[in-house]
Colleague: 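One structure follows; several queries about it will come next.
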Amino acid sequence: MTYDLVVVANRLPVDRVVDEDGAVSWRRSPGGLVTAIEPIMQEYDGAWVGWDGGPDGPDEPLDQNGMLLVPVPLSAAEIEEFYEGFSNGTLWPLYHDVVAKPSFHREWWDAYVTVNRRFAERAAALAAENALVWVHDYQLQLVPAMLREARPDLRIGFFLHIPFPPTELFVQLPWRRQILEGLLGADLVGFQRPGGAQNFVRLVRQRVGHKTHRDLVYLADGRTVEADAFPISIDFAGLAEMAQTDAVVARAREIREQLGNPRHLLLGVDRLDYTKGIYTRLRAFGELLADGRVDLEDAVFLQVATPSRERVDEYRRLRDEIDMLVGRINGDYGRLGHPAISYLHNSFPREEMAAMFRAADIMVVTPLRDGMNLVAKEYVACRVDNDGALVLSEFAGAADELKQAFLINPYDINGMKTALLEAMDGQPRDRSRRMRAMRKTVKEHDVAAWAAEFMGRLREVRPDHHKRLREVPTDDNQ
Ligand code: ADQ
């Protein structure tokens, strides 16, 4: 059995859960990618290749809601070297402006190659003649070329969910050329922002020596590769509908009451990651309390930070640093039963997230670097009342679209403090004008539009596309 569409992503859209008696079941993971891709998977005859999240998982495919899910098993050593190591200890920090220092280890690279090959082999065996294959994210950048070699008939798309770094940073990578050549196996390479596509095209021109013209790369074998921005989005209608339910509205009220009905409730929701700027954001809030420009009656901060990648040292250190900062701010400025910052590590159901978004007057999203940041868009979708203010880092991809947010530079603590005060003091009419505009933007470009745009472009790729080479007589290699 072969499939007309094969999605290849590091994770499957389900988690494998083993209960106390050793019984195995699968739980749909709540990620946005599933919501985006499920309708397309049903439209085509789709298969999804990915890891189940644990060591030595099963090897048999399973059927779920009309999708074939094909697990790629990883050993404990591969999880350490490929996933925690090369993906999250090398590529993640390197691609996020070197906010943390990337580690370069040759064994990690070897594991990356081995695991990428396993993913590529699975996909090659599943894809029908001329099928579309959509490969996702930084963990699988070698898959397009490996797949191309085995199956030249396929139309291969790649989408990078995280930023693609400036050339000066990318060239630190000892395996820079292999990564670029891996990506060039695709027909279409998608990025969150236009800058990512530009960085990629410049690198393949300068470092691999291919001819390029605007967003096209011309390979020696006559094939062309197109690079472009496809900013990802969210299920706007689904979230907006959920945010209007009586249950969510009542829960939002309850959350505010539990936090002492402050005049301003500030909210942060992130994976506990050093790229998200949680530390500087809480420091800015702490300084506003210290300066006396804000007091406990004015504002409280609810910060939700779900621990992730806890076996990576950098993440453990970050967790300790934030724990200490929250403790210090609460110790200095909190009162009995009334902390300045409520800090939670839980992972919440969608309804509870929607209630928090509706409860919050100010959403504080301050990443030092972020591919997109879906939380900013989710907040906007949930504000069916056209109220609420968004403080947003200009270094998040979302800043390209959410221009009416209070945009900040997360490295500028004073600037961040000023923006927080402005958001708190804003006039209701100005708030509503900004929110309406942002809601319109996200509504018009939701996740279905994102997926349809990418798939539409991939479908246009023709096996004879090398003809375009002759149509472009000049190149911009100078
Ligand atoms: P992430 O770095 O994970 O994604 P983000 O885009 O904010 O960042 O997505 C996080 C998702 O997890 C959101 O849907 C959010 O609602 C959810 N979430 C966060 N905390 C939660 C909690 N405590 N309980 C339940 N849900 C929670 C990567 C890139 C981003 C890019 C996305 C998609 O780093 O830049 O936007 O992929 O491409």
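Order of listing sets the numbers, starting from 1, for every ligand and every atom in it. Remember, predicted model here, so these are calculated numbers, not experimental data. Values reported hereafter were calculated over all heavy atoms of this structure, with side chains retained and with hydrogens, waters and symmetry mates removed.
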Colleague: Please work out whether any backbone atom (N, CA, C, O) or any side-chain heavy atom from C-beta onward of R271 is under 4.0 Å from ligand 1, and answer side chain, backbone, both or neither.
Modeller: side chain
Colleague: Evaluate the ring planes of W108 and H105, with Trp represented by its six-membered ring, and classify them as parallel (under 30°), tilted (30 to 60°) or perpendicular (over 60°).
Modeller: perpendicular
Colleague: For ligand 1, which atoms, with element, lie under 4.0 Å from some heavy atom of Q192?
Modeller: 31 (C), 38 (O)
Colleague: W134 vs F454 aromatic rings, parallel, tilted or perpendicular, using cut-offs 30° and 60°?
Modeller: parallel
Colleague: Does K276 reach ligand 1, in the sense of a heavy atom lying below 4.0 Å from it?
Modeller: yes
Colleague: For W175 and Y112, run ring pair (Phe, Tyr, Trp, His ring centres under 6.0 Å): C-alpha distance rounded to whole Å, both residues' side-chain angles, the deciding distance at 0.1 Å, then the answer.
Modeller: CA-CA 11 Å; W175 307 277; Y112 188 77; 9.2 Å; no
Colleague: Any atom of ligand 1 sitting under 4.0 Å from a heavy atom of L344?
Modeller: no
Colleague: Should the heavy atoms of other residues, nucleotides or ligands under 6.0 Å from CZ of R283 be counted, would the total exceed 12?
Modeller: no
Colleague: Is the NZ or CZ atom of R434 both under 6.0 Å from the centre of the six-membered ring of F406 and within 45° of that ring's axis?
Modeller: yes
Colleague: Tell me the nearest of H136, H161, K377 to atom 33 (C) of ligand 1, using heavy-atom distances.
Modeller: H161
Colleague: Any donor and acceptor pair, going by atom type alone, linking the side chain of N88 with main-chain N or O of Y83 inside 3.5 Å?
Modeller: yes
Colleague: Using a 4.0 Å heavy-atom cut-off, say whether V375 meets ligand 1 through its side chain, its backbone, both or neither.
Modeller: both
Colleague: Does even one non-hydrogen atom of W92 get within less than 4.0 Å of ligand 1?
Modeller: yes
Colleague: Can you check which of I232, T306, V447 brings a heavy atom nearest to atom 23 (N) of ligand 1?
Modeller: T306
Colleague: Please check whether F348 reaches ligand 1 - meaning an N/O of the residue sits under 3.5 Å from an N/O of the ligand, judged on distance alone.
Modeller: yes
Colleague: Does the plane of the ring in Y379 sit parallel, tilted or perpendicular to the ring in F357? Use 30° and 60° as the thresholds.
Modeller: perpendicular
Colleague: Taking distance alone, with no angle check, do H96 and ligand 1 share an N/O pair under 3.5 Å?
Modeller: no
Colleague: Describe, in one word, how the ring planes of F159 and W450 are oriented to each other, choosing from parallel (under 30°), tilted (30 to 60°) and perpendicular (over 60°).
Modeller: perpendicular
Colleague: Just which atoms of ligand 1 are under 4.0 Å from any heavy atom in R350?
Modeller: 16 (O)
Colleague: Among R457, R155, R214, whose salt bridge (Lys or Arg N to Asp or Glu O under 4.0 Å) with E226 holds?
Modeller: R457
Colleague: So is G371 polar-close to ligand 1, meaning N/O to N/O under 3.5 Å?
Modeller: yes
Colleague: For ligand 1, which atoms, with element, lie under 4.0 Å from some heavy atom of S347?
Modeller: 22 (C), 23 (N), 24 (N), 25 (C)
Colleague: Should the ring pair Y95 and F164 be called parallel, tilted or perpendicular, given that the plane angle runs from 0 to 90° and is split at 30 and 60?
Modeller: perpendicular
Colleague: Can you find an N or O of F159 that's nearer than 3.5 Å to an N or O of ligand 1?
Modeller: no
Colleague: Should one rank M356, M353, M372, H345 by closest heavy-atom distance to atom 26 (N) of ligand 1, which comes out on top?
Modeller: M353
Colleague: Are a donor atom and an acceptor atom from the side chains of D270 and Q303 found within less than 3.5 Å of each other?
Modeller: yes
Colleague: Which of the numbered atoms in ligand 1 are under 4.0 angstrom from any heavy atom belonging to V304?
Modeller: 23 (N)
Colleague: Would D370 count as being in polar contact with ligand 1, using the rule that some N or O on each side must be under 3.5 angstrom apart?
Modeller: yes
Colleague: Are any of the N/O atoms on V269, whether in the backbone or the side chain, positioned under 3.5 angstrom from an N/O atom of ligand 1?
Modeller: no
